[in-house]
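One structure below.
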Amino acid sequence: MRKFYRCLILYLVAISSFVTLVTEGLNTAPQVEHETGIGVILDHTSRPGKEAKVAIELAIKELNIKTSKHWVLYLQNSQNKPVHVATAAKELIVEHKVKAILGAHTWQEASTIAEVMSDNESNHDILPVFLSLASLLPQQATDQWPFFIQAVPTQSVVVTNAIAALLRSLDARQVTLIYETSLSASVISHLYQAFRKTGFDVTHILPLTPGSFSLDEELEALKKQKLKVFVIHTSLELAVSLFQTAKKMGMTQVGYLWIATNEITDLFHSIDATMISSLKGMIGVKSYFIENTHEFLHFRKRFRRKFRFDYPEEEQDEPGIFAVQGYNTVKLLEKHLPENFHNWKPIPANAVEIVNVIGKGYDSVYWTDGSGFSKTVEDHKNGGTTYKHSMDNVGQALRLLHPWITADRRRSNLENTTQKQQMIRVAVPCRSLFKEFVKCGPAENDFDGFVVKVFDDMMKKMNQAYYQVPYNHPNYDDLIQDLYLEKYDAIAGDLTIIEDRLKLANFTQPYTESGMEMIVPVRSGLSNQTWLFLKPFTPEMWWLIAVITTYNGFVIWLIERSHDTRLQGTFITQIGIILWLAFTYLFTLHVDKMHSNLSRMSVVAWLFVSLIIIQSYTASLASMLTAQRREPTITSVEMLRNTNATVGYCNGSFINDYLKTVLGFEDIKIRNYSSIERYAEALNNKEIAAIFLEVPVAKVFLSQYCKSFMRTGETFKVGGFGFKVGDCKNLRTDILTLERNV
């Protein structure tokens, strides 16, 4: 027996040792058979790093779902410090044995990673491939390190050529270059060489080292030299400070020109409207990527959801060029990693977006290397885009709004033909949220919608010749300002008549219903079943019934107590008798027990009233139980303010100021949206509790979402839609005459 126990113990020890060895073997194995480790080194504190991180995670998740591969991400935060970059790269190579490293938006980070990989080359049979996200790299980088791959298109050449073409189009010949020393100077080098080759005079080059200069002193020196044209290559923060200082010194007025590289403009989508408006008058060259494909729209939706979850402190959640580059880099890695990158070269970017900051946004045209300026960017084979070598023929809004172009040049540009001298200029806002009112097609003079048709009919009745030009900025107040500055003679758009706008422009009579309404989600009227039996009557009605019933019992007791000893007794007893009589005679007569005709008459009258009450209650309750009832989740503006709720409004409209100044909402509790779908999505997700829309717009919105939302509360009185005219006296007279006739 003792031998049996000894054998059993040895058997259990052997089993335990085997399990331990197997477990340790699994834990110490760096990767399972089909697992591929991918390292990512990004600055998680910067906007480019945040966007790229979210995009790479989405792309890896998508690949793991669609393919049989199992890619594992190892994320490292560089914090924009070389020592952290070096430590992260070594950890990924030595400990995690990754197959590829992605990241590094700057040459400083990219070179640090490459140096670490080069130092570890002798200790590893196969080094991981390094895919850099930096678009500005020295030409010798890929030659020096065979594992170094530039994963994103080279931007420096196309940015340089676009700026040179822009300067030629604007007749600028003398240029001052301003750059931040902490950034890659390759763009400035390319610009200097390109300007000298094309005949531009580079009068001054100003390097700026953060913390070691005074902007006022530097700009004052440039102003004394009467320098007017500046090309700046700095961080966004420094560019904002630089431009605001220049504005205070009068260096952004007519005759001055500020052009920013994509180092600044590629972050425009990540800043709020206030910061954008502080850069009004700046022209920039921005990286271009296609935004209207089904793949990008699907990616955009997933990106915004994850970005809001990962970085709730970020106010803007739109993906930019950094998100697109991060996503495409993973696609590139999927295609080439099983083989190699030896024969792969990045295709240089050949198109950029030219932006002009106006108000709280910017207008855009495009420049394509070898083709020129255009309103859109399309495949040359399609033949759908017209390219021009001069800005005079493309993007009228971009030309006319910029302060570099003087009033004389504006007039000469507008007076191209005798025909246009006799025609009035009509601006059509193309960023209207509701295309039922205003819709701009891809072709020139392709305008449609209710507002446009009404305007066309009005002009035909007046026999007035006119031509329409698109206005592509969402802020309508800026459009009114442009009308005041005589850039247009009239506006045909869904603009509401308000007091501030009347100070700058003349309006026709409103041609739509006026007012502003609150739209909220609906809920079932039977949502609270517990107290449903009380719903047919209001609380006031229930109290009135109780008082009348008690009073009737008191009257009967007062009349009958001298005839019936049962109605007599102590004070408490008589109170109970009164209440008992009140509810007893509510449903039965008991006339045979009464001794006075007065009490009988009182009971009969009361029973007649109670019959009406009971029938009304029964009918109302039956209606609630059988008919579908909808109730608003919010019933008043006071309820929104008391619950500290967030509300929404149409991007670019006057409603933002109305909500703050008139209705008393805090700015942090107001959000704007740029599509009908986002309205509905925000309301359904409880991102906002209500939206405020003008009456015509509210009707269109509810026609599409009538089952989910409803109007509630009062209608706030504001002016309806009206057409606007500037200082064209004959046009104003004709419109007034037409209105009187109508």
Side-chain angles (χ1 to χ4, degrees), residues 46-48 176 178-180 183 206 208 210-211 213-220 222-223 228-287 313-318 320 353-364 397-398 400-405 431 471-482 484-485 487 500 651-654 656-657 660-661 667-668 670-672 674:
S46 69
R47 179 70 184 215
T176 298
I178 303 175
Y179 72 97
E180 187 173 341
L183 302 178
L206 175 63
L208 297 178
F213 61 89
S214 169
L215 285 178
D216 297 88
E217 294 178 1
E218 298 288 355
L219 290 177
E220 185 63 34
L222 297 178
K223 187 176 182 180
K228 300 286 187 178
V229 181
F230 307 96
V231 175
I232 57 176
H233 178 67
T234 67
S235 63
L236 177 63
E237 294 76 11
L238 181 55
V240 172
S241 300
L242 183 67
F243 196 75
Q244 288 178 343
T245 304
K247 186 177 294 185
K248 294 177 183 177
M249 300 175 64
M251 297 178 66
T252 61
Q253 299 174 357
V254 172
Y256 284 91
L257 178 62
W258 293 81
I259 300 178
T261 65
N262 60 326
E263 185 73 27
I264 300 165
T265 55
D266 282 348
L267 290 170
F268 275 3
H269 70 287
S270 67
I271 58 179
D272 57 25
T274 302
M275 186 175 290
I276 279 285
S277 63
S278 69
L279 300 175
K280 183 177 180 179
M282 177 184 286
I283 287 182
V285 177
K286 188 173 182 288
S287 300
E313 72 279 3
E314 292 280 348
E315 295 183 2
Q316 310 297 327
D317 57 11
E318 287 290 341
E353 185 178 359
I354 308 294
V355 298
N356 176 31
V357 181
I358 51 173
K360 297 181 180 179
Y362 51 84
D363 276 342
S364 301
L398 191 63
L400 297 180
L401 287 173
H402 196 269
W404 167 256
I405 305 173
R431 295 289 186 91
Y471 184 83
N472 291 308
H473 187 262
N475 194 311
Y476 284 1
D477 288 336
D478 289 340
L479 179 55
I480 299 293
Q481 184 71 30
D482 294 340
Y484 176 75
L485 296 175
K487 294 172 183 176
D500 289 343
N651 188 26
S653 71
F654 72 96
N656 180 29
D657 291 333
K660 290 186 289 188
T661 58
D667 188 52
I668 195 174
I670 303 174
R671 297 185 182 179
N672 57 45
S674 56

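Just so you know, residue 1 is the first one in the sequence shown, and it goes up from there.
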When rounded to the nearest 0.5 angstrom, what is the spacing between CG in Leu242 and CD1 in Ile264?
8.0 Å
Examine distances only and state if a side-chain atom of Asn262 and a backbone atom of Ser287 form a donor-acceptor pair shorter than 3.5 Å.
no
If you look at every heavy atom in Thr234 and Glu263, which pair is closest and at what distance?
O-CG, 3.3 Å
Would you indicate whether Glu315, at its atom CD, is surrounded by more than 12 heavy atoms from other residues, nucleotides or ligands within a distance under 6.0 Å?
no
Under the side-chain contact (heavy atoms from CB on, under 4.5 Å) rule, what do Asn672 and Asn656 come out as? Steps first, then yes or no, please.
CA-CA 8 Å; Asn672 57 45; Asn656 180 29; over 6 Å; no
Kindly indicate whether the side chain of Val285, heavy atoms from C-beta on, has any atom under 4.5 Å from the side chain of Ile354.
yes
Taking only residues two or more places apart in sequence or in another chain, which ones pass side-chain hydrogen bond (donor to acceptor under 3.5 Å, both in side chains) with Thr176?
Thr203
Candidate pair Phe268 and Leu279, rule side-chain contact (heavy atoms from CB on, under 4.5 Å), full reasoning
CA-CA 10 Å; Phe268 275 3; Leu279 300 175; 3.8 Å; yes
Closest non-hydrogen atom pair, Tyr362 against Lys286:
OH-CE, 3.7 Å
At what distance, to the nearest 0.5 angstrom, does CD1 of Ile271 lie from CD of Gln316?
8.5 Å
Distance, nearest 0.5 Å, that separates CE of Met282 from CG of Leu257
10.5 Å
When every non-hydrogen atom of Gly284 is compared with those of Thr265, the smallest separation belongs to CA-CG2, 3.6 Å
Could you tell me the separation between the CG atom of Leu208 and the CG atom of Leu215, rounded to the nearest 0.5 Å?
7.0 Å
Let's go through Leu222 and Phe230 carefully: what are the C-alpha distance in whole Å and the side-chain angles of both, what is the deciding distance for side-chain contact (heavy atoms from CB on, under 4.5 Å) to 0.1 Å, and is it a yes or a no?
CA-CA 10 Å; Leu222 297 178; Phe230 307 96; 3.8 Å; yes
Please examine the side chains of Val357 and Ser278, heavy atoms only from C-beta on, and report whether any two atoms are closer than 4.5 Å.
no
Provide the closest heavy-atom pair for Met249 versus Leu219 in the form atom of the first, atom of the second, distance.
SD-CB, 3.7 Å
Considering all heavy atoms of both residues, which atom of Ile232 and which atom of Ala239 are nearest to each other, and what is their separation?
CD1-CB, 4.3 Å
Residue pair His269 / Glu318: nearest heavy atoms and the distance that separates them
CD2-O, 3.1 Å
Mind checking whether Glu237 and Glu180 have side chains closer than 4.5 Å, heavy atoms only?
no
Measuring from atom CD of Glu314 to atom OG of Ser270, what distance do you get when rounded to the nearest 0.5 angstrom?
7.0 Å
Within a 6.0 Å radius of atom NZ on Lys248, are there more than 12 heavy atoms belonging to other residues, nucleotides or ligands?
no
Rounded to the nearest 0.5 Å, how far does CH2 of Trp258 lie from CD1 of Ile178?
4.5 Å
